[in-house]
Amino acid sequence: MKIDFIPIDYDHFEFNKRDIIKVIGRTDKGKRLCLFDEIDSFFWVLLDKKLSKEKIKSAIKKIEKVRIKEEGKDIKAIKIIPVEKNFLGKPVTALKIFTKNNAEMKVLANKVESENFTVRGNDLNIITRYIIEKDLIPSYWYEVEGDILTEDSLDFGGIQKSLDVEFCLKLKKTKVYDQFEKSFNPKAVAFDIECDDISLGEGEILMISLASSEGFKKVLTWKKPSHGRKPEYVEILKDEKEMLEKFSEYVSKISPDFLVGYYSDHFDFPYIKTRAEKLKAKINLGIDGSGLKLTKGKNVAGKIKGIVHIDLLNFIDTAYSQYMQSETLSLNEVAKEFLGEEKVKFEFKHSSKMEDSEWEKYYEYNLHDSVLTIKLFEKMWPDLMEFSRVIQEPIFEVSRNGMSKNVESYILHNLKQFNEVPEKKPEHDELSERRNRERYEGAFVFEPIPGLYENIAMFDFTSSYGSVIVTYNLSKATLLEKPEKDAYSIETLGKKVYFSKKPGFLPEILKEIISKRKQFKKELKEKPDAIKKARSNAFKLLANSYYGYQGFFGARYYCVEAAAASAAFARKAIQEVIEKITKEKHKVIYSDTDSIAFLRGKSSHEEIKKLLEKINKGLPGIMELELEGFFKRGIWVTKRTGEIGAKKKYALRGEDGKLKIRGFETVRRDWCKLARDTQNRVIRLVLDEGNEKKALEYVKEVIKKLKERKIDKKEILIRTQLKKPLSEYKAISPHVIAARKMIEQEIPIAHGSLIEYYIAETLEKKKLVREKVKLPEEKGEYNLEYYLTKQILPSVENILQVFNVETKNLVEGKKQTTLGDF
DNA sequence: GAAGTGGATATACC
DNA sequence: ACTGGTATATCCACTTC
């Protein structure tokens with residue numbers, strides 16, 4: 001039979017010692033379908049290209065003789081074929097060595113490697129290999145053809161009987177549809193739990209909420225107010241165990257493609273798993289009746305067979321966080337930014353101390369978290385789907401992997417067109433060697449002259465490093481061992497490095513990424529839609545991560561020379577542009593990595609655009625400069641120490657009215673709100689009027705209020721992230737003290753928490769800031785001197801200094817407010 | 001015990 | 001450890017006088 005199908009989840013099992021891949025997805029009629037497909041297992045042995053036929057034959061013979069006999073197993077190659085392949089761009093004769101199955105392949109490959117053969121391809125994930133071999137890419141629509149596996153079919157040992165899907169198909173043929181022909185709205189359900197104790201499985205789960213894409217909403221609990229009244233969406237069960245089983249029952253009934261949580265890999269999922277095991281509650285959500293699983297390894301992930309568990313937090317981190325305004329990735333802030341909606345406000349207390357009247361609010365709070373999560377999922381679905389399509393890995397993977405892994409997956413899935421054998425993952429020794437390498441020189445940053453400037457234009461390179469890599473063909477495979485005349489070369493790492501001019505596969509792959517990004521960006525502009533936007537963004541992220549990937553120690557295609565040369569060529573390129581702009585009589589005032597700000601002077605927009613065109617004509621390869629924008633005014637300040645201009649710190653008012661603030665305390669979350677807001681106001685006043693008087697008046701007002709102790713406590717709270725376990729801190733800074741206090745008071749601190757505190761007046765004179773730390777709830781007066789001299793003044797003095805306003809006199813009389821005032 | 005300096009730490013920029 | 005390097009700034013830890 002033929003049917004339209006979209007692959008979502010991949011799994012595999014062994015039957016009769018053969019690997020069978022199960023692909024779970026939906027048909028266009030919304031039915032769940034499982035495809036069964038057999039896959040061959042093989043790895044590569046690389047031989048020298050110049051080897052004679054006899055030598056190749058003898059290598060084959062030698063490998064044929066390799067056998068591993070253990071525990072009744074007899075592992076050996078079942079077929080060996082010599083194939084002409086490329087490895088790192090060079091032709092090689094490769095032996096394709098087939099084994100019975102994946103497990104045997106791994107064992108045999110290791111044994112063959114130990115006999116001094118160069119082995120490759122044995123470290124690919126079996127699902128990745130399947131997708132490459134069979135071209136059945138996740139999240140694309142296919143017309144699939146195959147035989148229905150009837151109840152009594154024994155083709156795969158009758159396993160289809162135990163699968164909770166509409167039907168199973170033994171796959172014969174597939175035909176892919178055009179990516180934009182069909183949309184797909186997945187079934188998804190979000191979940192969230194509430195507990196008294198946040199340490200995994202320590203306490204009981206009080207309630208679980210569910211919210212589905214189809215409008216299903218439910219709170220399951222076994223806790224209730226004494227009067228027994230409850231909202232209609234709440235279902236009260238006998239005990240925790242029954243609640244867990246009910247959860248499983250509801251999810252099964254919904255039969256979703258995705259089970260979505262927020263931070264659920266590290267909390268909700270393992271918590272439910274632990275409690276279910278302890279209480280012997282049956283949670284058989286897997287399509288084969290299996291339970292909740294946690295993946296092994298350092299990064300735990302919750303897994304259910306046939307239902308893709310997604311922890312949205314992970315995906316937000318890799319796909320969005322760099323463009324976001326939110327200062328944390330908490331559900332509350334993220335929902336605010338993406339949905340314009342916040343969490344239900346609720347003050348936690350232990351369930352044993354919960355008043356009757358408070359339960360309803362608690363239920364509502366719990367439900368709303370799931371509602372926000374499902375809404376976020378729907379908002380992010382186009383990106384999840386496009387990431388998966390572009391990178392060609394299942395959504396479970398792309399939603400969890402960082403960009404380096406995603407870049408690598410993209411590369412692996414695109415090797416076929418270059419007939420390339422995949423490079424191996426670095427092993428232990430190699431890893432530590434790479435990690436300990438010396439750092440190479442990175443980007444160029446222009447030292448600005450502090451001041452207020454008018455009529456500024458800014459250019460920047462499109463995909464700067466990416467276009468450098470493509471233009472100069474920088475990669476592991478194109479790096480030349482010896483100097484060559486006709487090659488790209490540059491001085492870096494204390495030597496001259498050379499790269500071949502013959503296009504290498506890695507830069508070629510990147511070239512395609514950049515051109516696709518351009519194409520989709522253009523199409524998006526012409527006819528916007530969410531899918532195109534997502535696709536364009538996926539390519540953009542890939543292009544931007546390619547440089548970092550080549551310098552990342554964990555990369556298969558790691559190459560410091562390529563990474564260092566990328567930075568060196570980029571420095572050269574930007575400096576040449578700075579020279580050109582200067583020659584055109586425009587004063588360059590700032591530049592960082594790939595952008596240049598300069599004074600437009602009396603030149604019109606058109607003239608600046610012409611200048612841009614002129615510069616672009618002279619740029620090599622695919623390098624391209626674009627107009628970032630025109631700005632009315634901008635301010636650059638000195639460093640706090642010394643007279644020289646501070647880098648990475650400036651503020652601009654665009655001609656379009658938009659404010660662009662970089663590096664200032666305003667944008668730093670570890671400064672108190674008062675200092676940030678004051679600075680922000682000062683920047684605005686200065687940029688809008690070009691006049692410091694109002695700004696100065698404003699600062700005086702703030703200081704007056706501060707001295708009169710009229711400032712609200714929440715304005716002076718300082719938030720600092722705890723980035724490692726408390727015991728590992730060598731320097732005991734204020735936020736460490738605050739965290740210690742929290743632990744004393746049994747306030748839970750999650751990994752990576754933002755610690756809030758303020759600096760208070762103390763009875764005795766204390767020298768260190770940390771000795772004056774108090775938690776927000778702790779009674780006390782804010783330390784006037786600290787907030788004046790360490791928060792407010794530092795935040796505005798460099799800005800006012802530009803106008804020769806001395807700020808020292810602003811704090812006069814600060815001493816009157818020490819001990820005597822209390 | 002004050003002053004100076006380097007280290008540890010957090011955060012931002014691109 | 002989960003892309004890279006560049007940069008500012010604070011506060012602690014330690015040395016020196």
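In this text, all values refer to a predicted model and were calculated from it rather than measured experimentally.
For C/dG5 and C/dA1, the P atoms lie 15 Å apart once the distance is rounded to whole Å. Distance check on atom P: C/dC2 versus B/dA10 gives 14 Å, rounded to whole Å.
Residue A/F461 is out of contact with every strand shown, counting any heavy-atom pair closer than 4.0 Å. Across all strands shown, A/N299 has heavy atoms under 4.0 Å from base atoms, whether or not it also approaches the sugar-phosphate.
Applying the ring-ring contact (aromatic ring centres under 6.0 Å, His included) rule to A/Y320 yields the partners A/F315, A/F338; only residues at least two apart in sequence or on another chain are considered. For A/N473, the side-chain contact (heavy atoms from CB on, under 4.5 Å) partners are A/T478, A/Y488, A/P507, not counting sequence neighbours. For A/E397, the salt bridge (Lys or Arg N to Asp or Glu O under 4.0 Å) test picks out no residue, with sequence neighbours left out. Evaluation of the salt bridge (Lys or Arg N to Asp or Glu O under 4.0 Å) rule for A/E628 yields A/K660 as partners, not counting sequence neighbours. For A/F553, there are no ring-ring contact (aromatic ring centres under 6.0 Å, His included) partners, not counting sequence neighbours. Checked against side-chain contact (heavy atoms from CB on, under 4.5 Å), A/V802 has the following partners two or more places apart in sequence or in another chain: A/L452, A/I635, A/V637. Shown here are the ring-ring contact (aromatic ring centres under 6.0 Å, His included) partners of A/Y557, two or more places apart in sequence or in another chain: A/F505.
A side chain to side chain donor-acceptor pair (under 3.5 Å) check over residues 462-471 of chain A, counting only residues at least two apart or in different chains, returns nothing. Residue pairs meeting the salt bridge (charged side-chain N to carboxylate O under 4.0 Å, His left out) criterion with at least one partner in residues 728-740 of chain A, sequence neighbours excluded, are absent.
Summarising the geometry, the separation between NZ on A/K724 and P on C/dA1 is reported as 13 Å, rounded to the nearest angstrom.
With a 6.0 Å cutoff to the six-membered ring centre and a 45° limit on the axis angle, A/K724 counts as a cation-pi contact of A/Y729.
Bracketed by its first and final contacts, the part of DNA chain B lying under 4.0 Å from non-hydrogen atoms of chain A reaches from B/dA8 to B/dC14 in 5' to 3' order.
Side-chain atoms of A/T638 and A/N798 form a donor-acceptor pair, as typed in the model, at a separation below 3.5 Å.
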Legend entry - nucleotides 4-17 of chain C: protein proximity per nucleotide (B base, S sugar-phosphate only, - neither; heavy atom, under 4.0 Å): SBBSSSSSSS----

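Within residues 313-330 of chain A, no residue has any heavy atom closer than 4.0 Å to DNA chain C.
Contact annotation: A/S545 side-chain N/O to C/dT3 OP1/OP2 distance is not under 4.0 Å.
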